[in-house]
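Notes to accompany the following structure.
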Amino acid sequence: MKREFAGSLRATDVGRRVRLSGWVHRVRDHGGVMFFDLRDRSGLCQIVVSPQDAAAGTAARLRPEWVIAVEGTIRMRQEGARNAKIATGDVELCDVALEILSESDVPPVLPSAAEAPDEAVRLRYRFLDLRREEMQQNLALRHRVLQASRRHLDAAGFYELETPMLTRSTPEGSRDFLVPSRMQPGSFYALPQSPQLFKQLFMVAGFERYFQVVRCFRDEDLRADRQPEFTQIYIEMSFVGEEEVLGLAEGLTKALVAEAGWDLQLPLQRLTYQEAMARYGTDKPDLRVPLEIQDLANQAGAFDAPFIQTALAQGGVLRALRAPGGAQLSRKQWDELGREIERFGMKSVPYIALTQEGLRGSLAKAVRPEAQDALVQTLGLQTGDAAVIIAGEEERVSLALGVLRLSFADQFSLRQSGHRFLWVTDFPLMEWSEEEGRAVSRHHPFTHPHPADVDRLEAEPLAVRAQAYDLVLDGVEVAGGSIRIHERPLQERIFRLLGLSEQETKDKFGFLLEAFRYGAPPHGGIAFGFDRLVMLLAGVPSIRDVIAFPKTAKGSDLLTGAPSDVAQAQLDELRLRVQEEAKR
RNA sequence: GGAGGCGUGGUGUAGUGGUUAACAUAUGUGCCUGUCACGCACAAGAUCGCGGGUUCGAUUCCCGUCGCCUCCGCCA
């Protein structure tokens, strides 16, 4: 008899004889009649065994997570004994023949438990954790989104092509994971941070439309939304400009999020990088938070504070952020907020609060009494509100207010329901690196400058915009890309601006530059952070919840014990010696 | 690299400078014929992460260390 899925049985199946296989989810033994739930990938189904049944003896032995096969007849449950909480709750399986396929020790992670245990236990016993319904659903969603991306891109004429995992270490970007070469001792492969160079070679090679769902590796410290290996959907197209890439990405995004039941209205909202920074203090604004930064330059006269005038005179800005209900924050809470913006060189949060008794707060004394009403009106303060007002260098002021904006959103539960996508465009091409004492690419060195800004490359390199764009969802960057440089002279100018010598560029990117000598088409693309997107679609707080076998914050795999020591013979073969102080 | 939080039966938590470390759940045994987080009774189950210090006495206080989580730096 053909095996069927337990979760699919309905009242319309009553009377049928079926065969189910799966795990014992929960046992309810009444001494006489007993019930147990059989769980498979599709869900649960209740099975009834009566004392007179042949299966009664076997059934009495059953324990959670044993693997069984049953054959039985579907019948309607008695009136009043139906369970609306499960999909198969109207029916049950009776008159069963029962076979135990596999017994189970007492599991440390019980899939039927209401709450999941500590994450370290879950990771140690991931194979059990993955049996939990939440994880089953998360990975099922991941599968559906992945298949939708393949369907959509195939239909749009893209080839799914593969690129090497053992490749060459590239400069710029994050730290590489290295793989020693046995055949060439002392030389190393690197695992790819992205297939960036290869996908551009595919364009030179004339494939015109490429995509790949591919694992990427970056040896940097981890976060809730960062793993050392993660999956991205890379897309590259020839003979297109920014609009075509954004359009393709929007259509794809709509198709992907539909798998989670989201209905996306196109086209998506857009903001330039400059607008995003000015209004939200970040390049990935969470638009669910209904607060915007205000520019107070024309209100500077309302303050009797020399430092504000000085900041403006030095080319700085004066900007404010309303905190609805902020007047209730204690001194201690303001101090805590101050610690969040310490890294922008600010010791405390300058603010005013509008209370029943008038204006309060660290900046209240600096407000000229005659200007108070106008200021309150400009800021839109209601009694009970507060506003942070910061003067200083533009970027630091913006970033600080951006951090506070999210803090207020948390503290006062300001996030609106629903989900908000937007494009952030016109990123700066380069930014100054204090560490390296030179301009560095913000995206990567092959990013095409904005055509209108190319003339200013040498004169004002840091003011040049790039044809680079990010797709932001609820404050998370879920995709990013750019139009690439296909003109050799322009590429050489960029390298010069980045302070890379001809010899360096030849050493590092020689093969790509050489390829560009043989007729490179205009091209561009975008990459989706697949894990992050699925994380948001699943509504979970960490990408570990949508990755089957993730690593801990220290990069350990608690299930397999990786990374681990290796045999001395393996090291010898690779001509590697581990430094004494690194040994445990 | 830095900051913070956590670590107690299988699991989740409580708790205390002092005799037997508590509760829930899971486990075992018995009872129970319509439950669905079944119920009832009994039992078993802990090196209080590890090392050191303070103390007559440390699971508790201190120092170190290891692990897990979050954040900053880092992540073109």
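All of these numbers come straight from a predicted model, not from anything done at the bench. In what follows, chains are A, B, ... by sequence order, proteins preceding strands, each numbered from 1.
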Taking the C1' atom of each, how far is rG67(B) from rA43(B), in whole Å? 34 Å

Considering only atom P, compute the distance from rG49(B) to rG7(B) and round it to an integer number of Å. 8 Å

Do Gln193(A) side-chain atoms and Ser174(A) backbone N/O form a donor-acceptor pair below 3.5 Å? yes

Give every donor-acceptor pair under 3.5 Å between a side-chain atom in residues 107-123 of chain A and any protein atom, sequence neighbours left out.
| from | atom 1 | to | atom 2 | distance (Å) |
| --- | --- | --- | --- | --- |
| Asp118(A) | OD2 | Ala120(A) | N | 3.0 |
| Glu119(A) | OE1 | Arg544(A) | NH2 | 3.1 |
| Glu119(A) | OE2 | Arg544(A) | NE | 2.6 |
| Arg122(A) | NE | Asp129(A) | OD1 | 2.8 |
| Arg122(A) | NE | Asp129(A) | OD2 | 3.1 |
| Arg122(A) | NH2 | Asp129(A) | OD2 | 3.2 |
| Arg122(A) | NH2 | Asp545(A) | OD1 | 3.3 |

Closer than 4.0 angstrom, basic N to acidic O: yes or no for Asp410(A) and Arg415(A)? yes

State whether the distance check finds a donor on one side and an acceptor on the other, under 3.5 Å, for side chain [X] versus base [N].
| X | N | value |
| --- | --- | --- |
| Glu92(A) | rG34(B) | yes |
| Arg77(A) | rC36(B) | yes |
| Arg218(A) | rC74(B) | no |
| Arg63(A) | rG28(B) | no |
| Arg339(A) | rG2(B) | no |

[options]: which one has an atom nearest the side-chain heavy atoms of [X]?
| X | options | result |
| --- | --- | --- |
| Lys554(A) | rU35(B), rC72(B), rG67(B) | rG67(B) |
| Arg26(A) | rU70(B), rC36(B), rC38(B) | rC38(B) |
| Asp221(A) | rC36(B), rU33(B), rG73(B) | rG73(B) |
| His30(A) | rC68(B), rC75(B), rC38(B) | rC38(B) |
| Arg544(A) | rA37(B), rC69(B), rC68(B) | rC69(B) |

Just to verify, what does [X] make a side chain to side chain contact (heavy atoms under 4.5 Å, CB included) with, not counting sequence neighbours?
| X | answer |
| --- | --- |
| Ile86(A) | Leu44(A), Arg77(A), Asn83(A), Thr88(A) |
| Leu536(A) | Leu473(A), Val476(A), Val478(A) |
| Val454(A) | Pro449(A), Leu457(A), Leu490(A), Arg493(A) |

For nucleotides 5-7 of chain B, tabulate all protein N/O to nucleotide N/O atom pairs closer than 3.5 Å, reporting atom names and distance.
none

Ala114(A) near the nucleic acid: base, sugar-phosphate alone, or nothing, with a heavy-atom cut-off under 4.0 Å? nothing

Strand contacts (RNA chain B) in residues 41-54 of chain A, 4.0 angstrom heavy-atom criterion: Gln46(A), Pro51(A)

Which one is paired to rA24(B), where only Watson-Crick or G-U wobble pairs with both distances under 3.5 angstrom count? rU11(B)

Any strand, both distances under 3.5 Å, Watson-Crick or G-U wobble: rC32(B) pairs with none

Excluding sequence neighbours, so at least two apart, what forms side-chain hydrogen bond (donor to acceptor under 3.5 Å, both in side chains) with [X]?
| X | result |
| --- | --- |
| Asn138(A) | none |
| Gln136(A) | none |
| Glu460(A) | Arg456(A) |

List, one per line, each side-chain donor-acceptor pair under 3.5 Å for residues 527-535 of chain A, sequence neighbours excluded.
| from | atom 1 | to | atom 2 | distance (Å) |
| --- | --- | --- | --- | --- |
| Asp531(A) | OD1 | Arg142(A) | NH1 | 2.8 |
| Asp531(A) | OD1 | Arg142(A) | NH2 | 3.1 |
| Asp531(A) | OD2 | Thr231(A) | N | 2.7 |
| Arg532(A) | NE | Asp225(A) | O | 3.3 |
| Arg532(A) | NH1 | Glu477(A) | O | 3.3 |

Tabulated below should be each protein N or O lying under 3.5 Å from an N or O of nucleotides 9-12 of chain B; please produce it.
| from | atom 1 | to | atom 2 | distance (Å) |
| --- | --- | --- | --- | --- |
| rG12(B) | OP1 | Asp118(A) | N | 2.6 |

If I take atom [atom1] in residue [X] and atom [atom2] in nucleotide [N], what distance separates them, rounded to the nearest angstrom?
| X | N | atom1 | atom2 | value |
| --- | --- | --- | --- | --- |
| Glu220(A) | rG2(B) | CD | C1' | 16 Å |
| Asp225(A) | rC72(B) | CG | C1' | 14 Å |
| Asp29(A) | rG30(B) | CG | P | 11 Å |
| Lys551(A) | rG67(B) | NZ | P | 16 Å |
| Arg343(A) | rC74(B) | CZ | C1' | 13 Å |

Could you list the donor-acceptor pairs under 3.5 angstrom formed between side-chain atoms of residues 336-348 of chain A and any protein atom two or more places apart in sequence or on another chain?
| from | atom 1 | to | atom 2 | distance (Å) |
| --- | --- | --- | --- | --- |
| Glu340(A) | OE1 | Ser407(A) | OG | 2.9 |
| Glu340(A) | OE2 | Ser407(A) | OG | 3.1 |

Can you classify the ring geometry of Phe127(A) versus Tyr125(A) as parallel (below 30°), tilted (30 to 60°) or perpendicular (above 60°)? perpendicular

